[in-house]
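The block underneath contains the structure these notes are about, expressed in structure tokens.
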Amino acid sequence: MDDLPLDQVRTLLAVVDEGTFDAAAAALHVTPSAVSQRVKALEQHTGRVLLLRTRPVRPTKSGEVLVRLARQVSRLERDAYAELGLSPAGEPTRVSVAVNADSLATWFLGALTRVPDELRLCFELRREDEAHTAALLREGAVMAAVTSSPDAVPGCSVRPLGRMRYLPVAETEFAARYLAGPLEETLPRAPVVTFDRRDDFQDAFVRRLTRGRTGASTSRHLVPTSEGFVEAVTAGLGWGMVPEKQADPLLRTGRLTVFAPNRATDTPLHWQQWKLDSPALAAVAESVAATAATALRS
């Protein structure tokens with residue numbers, strides 16, 4: 001097969017990022033017809049359907065491969081221009097990262113402050129559950145991710161960061177009201193706080209406690225922010241698994257109690273990033289690893 005036409009690959013990326021052919025045309029300063037022709041030509045060149053013509057458009061599995069390629073080429077081009085001193089004045093380098101909400105709320109932002117200022121980076125953070133951040137890497141939506149998976153996404157490197165500890169906690173009066181008695185019997189019936197409909201963390205905890213007989217109660221509150229999750233548990237809406245760093249000050253003041261002291265749960269976290277010789281990515285990776293070494297359990 002001949003070399004991939006990069007102008008067509010970049011056009012595919014623009015369509016995915018902008019969501020429609022018309023919006024991509026406006027971003028590229030060409031006509032919608034030209035955008036459509038380029039995408040069709042690329043599909044003919046590769047012999048594969050690359051886009052699902054939905055609103056917004058979505059890349060197919062084959063399209064994801066080329067979207068990731070387009071982002072990597074763009075990253076390398078910007079790094080090369082920067083090394084040559086040809087970057088436009090005042091234009092920072094943008095780095096996109098997928099990170100889970102609990103890391104974002106507890107330690108990850110501290111890592112970004114350690115990146116040297118002279119690199120002039122801007123960060124685009126995508127919040128996603130640690131079990132799903134790898135999917136954003138696979139799709140080419142981000143350059144790096146904090147993930148629970150030790151298995152490297154194709155084209156990426158992976159390094160362990162440490163373990164985030166979660167404590168089973170509840171507001172003190174809530175625990176006295178709902179959790180008095182054997183936990184195997186009381187916990188499955190007690191109101192619970194979860195992050196969203198995909199959050200299986202609390203259910204998994206109850207399944208371990210009951211040896212797989214049942215999950216958490218169907219009486220549950222969905223609170224989709226890390227800070228809001230902790231506030232909901234502290235307010236007595238339900239019990240939940242809270243990161244140790246967020247729980248500690250509330251435990252010291254007596255607002256929360258650990259109702260199963262010997263059943264903390266550790267979630268291993270890993271850093272995955274594109275295999276690119278990029279000074280920007282390398283600097284971010286080192287800052288993340290250094291911060292995680294002090295913020296997470298080894």
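For clarity, every value in this text was computed on a predicted model and none was experimentally measured. Nothing fancy with the numbering, it's 1 onward along the sequence.
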Check whether the side chains of [X] and [Y] place a donor and an acceptor atom closer than 3.5 Å, and report yes or no.
X	Y	result
T11	R38	yes
R126	T133	no
Q246	S226	yes
D102	Y166	yes
S33	Q37	yes

- request: Determine the sole option in F201, Y178, F259 for which the ring-ring contact (aromatic ring centres under 6.0 Å, His included) test with W239 is passed.
  value: F259
Nearest-0.5 Å distance, [atom1] of residue [X] to [atom2] of residue [Y]:
X	Y	atom1	atom2	result
F205	L187	CZ	CG	6.5 Å
L251	L167	CG	CG	6.5 Å
D129	D199	CG	CG	7.0 Å
T265	Q202	OG1	CD	9.5 Å
L125	S103	CG	OG	11.5 Å
L66	H45	CG	NE2	9.5 Å

- request: With sequence neighbours left out, write down each residue that passes side-chain contact (heavy atoms from CB on, under 4.5 Å) with Q72, or none if nothing qualifies.
  value: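 Result, side-chain contact (heavy atoms from CB on, under 4.5 Å) vs Q72: R68, W274, L276.
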- prompt: Between A216 and V192, which heavy-atom pair has the shortest distance, and what is it?
  reply: CB-CG1, 4.1 Å
- request: From the options L119, L112, L121, select the one residue that forms a side chain to side chain contact (heavy atoms under 4.5 Å, CB included) with V95.
  value: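 The option that passes is L121.
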field: Whether over 12 other heavy atoms sit under 6.0 Å from R58 CZ
entry: no
Would a 4.5 Å heavy-atom cut-off, applied to side chains only, mark [X] and [Y] as touching?
X	Y	value
L104	L109	yes
V288	V284	yes
R207	D200	yes

